[in-house]
Amino acid sequence: MGIIDESRAIIQPLNRTWYGDRVAALDMLRLDLLHPVVSGNKWYKLRLNVQHAIDAGYKTIITPGGGYSNHLIATAFAAKMFGLKAIGVVRGRYDVLTPTLEACKANGMDLVFVTQEDYANRHQPEWAQKLVDNFDEIFMIPEGGANEWGRAGAGLINRFIGSSYTHIAVSVGTGTTMIGLRNKLDNYQQILGFAPMKHGTYLNTYIKEHLKIDKDTNWQLFDEWHFGGFGKWNNELLQFMNDFYRANDIPLDIVYTSKMMFGIGQMLQNNVFAEGDRILCIHSGGLQGNVSVKSELVY
Ligand SMILES: *Cc1c(COP(=O)(O)O)cnc(C)c1O
């Protein structure tokens, strides 16, 4: 699977003007540079899923997501790249398609719309089965790529992470990336998860369930920097994104990585870290989601 050029994913030190001398190193792994559409962690969560689908002889991938889902558009694109058909099961009805859904269609994905109530059943095997029964040779990827192939694929991000880093910061949606990484990182490396939704620590149980027994160590999930909930933001966050961009020349996304970096900034100010700590923040992409706030951003 060499279509995505992994050498684009550089490690960029953040500007000292942004964080001072509070820690020994604060770097960002730029997975957002991998590819304009299949960016960041989505590619890693999809690659072993797509490989499995091909190896097992499936012709079509079906996956659920919301109208602004980075996972949906990444799936549409990955399927196209590998000659598979893709069907997106979209939560809710849209009289006017969102830019994300337009892009899904433009990349050949068929969209099926289900009501919020119906979508709430998406984790039940019968729900998936009912969808799949309508089609031949179809492989179902759960929302956010949250399955064994997704976790194993996310674990491959480990190849970019040197052993000198003491802390790895990652944004959390389903928790798949965090789990995959925790399972691969060295035990002494702390993984800090940042949930962009209210009460995100409900994911602790799920994360724990999927960690290998000897890897259930040195991980923590924070949910205080949600800015009102998933997909919500305010002027303070926009201002932060613009300031961060001016200082570091790195665009953050409005849903995930901006909230994570805001949290890291607050933790630095609160002297949560030790002087010798070396922190690597993972830029998990998602920049396509910024179209709705484009006019507010300097990038
Ligand atoms: C999807 C996404 C996440 C969340 O990843 P999970 O593996 O579902 O926890 C984080 N950051 C960005 C930019 C994303 O698009």
Side-chain angles (χ1 to χ4, degrees), residues 9 28-49 63-78 99-100 103-104 122-123 141-158 168-184 191-197 200-211 219-223 225-226 230-231 233 237 241 244 250-264 281-293:
M28 188 159 243
L29 171 60
R30 301 285 311 273
L31 294 182
D32 59 307
L33 297 175
L34 277 180
H35 190 274
V37 183
V38 193
S39 71
N41 61 342
K42 295 296 181 282
W43 164 242
Y44 287 93
K45 292 196 292 179
L46 281 169
R47 55 187 288 174
L48 301 185
N49 270 299
T63 198
Y68 296 89
S69 161
N70 294 328
H71 166 71
L72 268 193
I73 176 62
T75 304
F77 202 86
T100 306
C104 287
R122 70 194 175 284
H123 298 307
I141 301 178
E143 185 181 52
N147 62 9
E148 56 182 296
W149 294 284
R151 291 188 287 276
L156 299 174
I157 296 171
N158 188 42
I168 317 301
V170 64
S171 278
V172 172
T174 61
T176 307
T177 307
M178 181 169 180
I179 295 163
L181 269 177
R182 175 63 281 169
N183 280 339
K184 282 283 189 252
I191 183 155
L192 311 174
F194 293 83
M197 72 290 265
T201 43
Y202 81 91
L203 285 164
N204 277 332
T205 317
Y206 176 82
I207 293 170
K208 219 174 161 56
E209 258 170 33
H210 291 93
L211 290 177
W219 64 275
Q220 203 180 346
L221 189 57
F222 302 95
D223 65 2
W225 297 291
H226 57 69
F230 190 77
W233 46 268
L237 188 63
M241 291 165 77
F244 188 88
I250 301 176
L252 299 172
D253 82 290
I254 186 93
V255 179
Y256 290 101
T257 53
S258 57
K259 295 182 181 180
M260 169 177 80
M261 292 317 295
F262 191 95
I264 289 279
C281 308
I282 298 183
H283 195 317
S284 36
L287 295 171
Q288 64 93 19
N290 281 352
V291 279
S292 55
V293 288

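The residues of the chain are indexed from 1 along the displayed sequence. Counting starts at 1 for both ligands and their atoms, in listed order.
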[X] heavy atoms, cut-off 4.0 Å: which ligand 1 atoms fall inside?
X	result
Gly173	4 (C), 5 (O), 6 (P), 8 (O), 9 (O)
Gly286	13 (C)
Asn70	14 (C), 15 (O)

Practice prompt. Applying salt bridge (charged side-chain N to carboxylate O under 4.0 Å, His left out), name anything that partners Asp32, two or more places apart in sequence or on another chain.
Written response: Arg30
Give a yes or no on whether the backbone of [Y] and the side-chain of [X] come within a donor-acceptor separation of less than 3.5 Å.
X	Y	result
Asn290	Ile254	yes
His210	Glu148	no
Asp223	Ala195	no

Fill in: Residue-ligand contact Met178/ligand 1, heavy atom below 4.0 Å
no
Item to complete: Please state whether His71 comes within less than 4.0 angstrom of ligand 1, counting heavy atoms only.
Response: no
For ligand 1 and [X], I'd like to know whether there is a polar contact (N/O to N/O, distance under 3.5 Å).
X	answer
Gly285	no
Asn41	yes
Thr257	no

Response to the item:
Thr100 meets the side chain to side chain donor-acceptor pair (under 3.5 Å) criterion, sequence neighbours left out, with Gln288
Practice prompt. Measure the acute angle between the ring planes of Phe230 and Tyr256, then classify it against the limits of 30° and 60° as parallel, tilted or perpendicular.
Written response: perpendicular
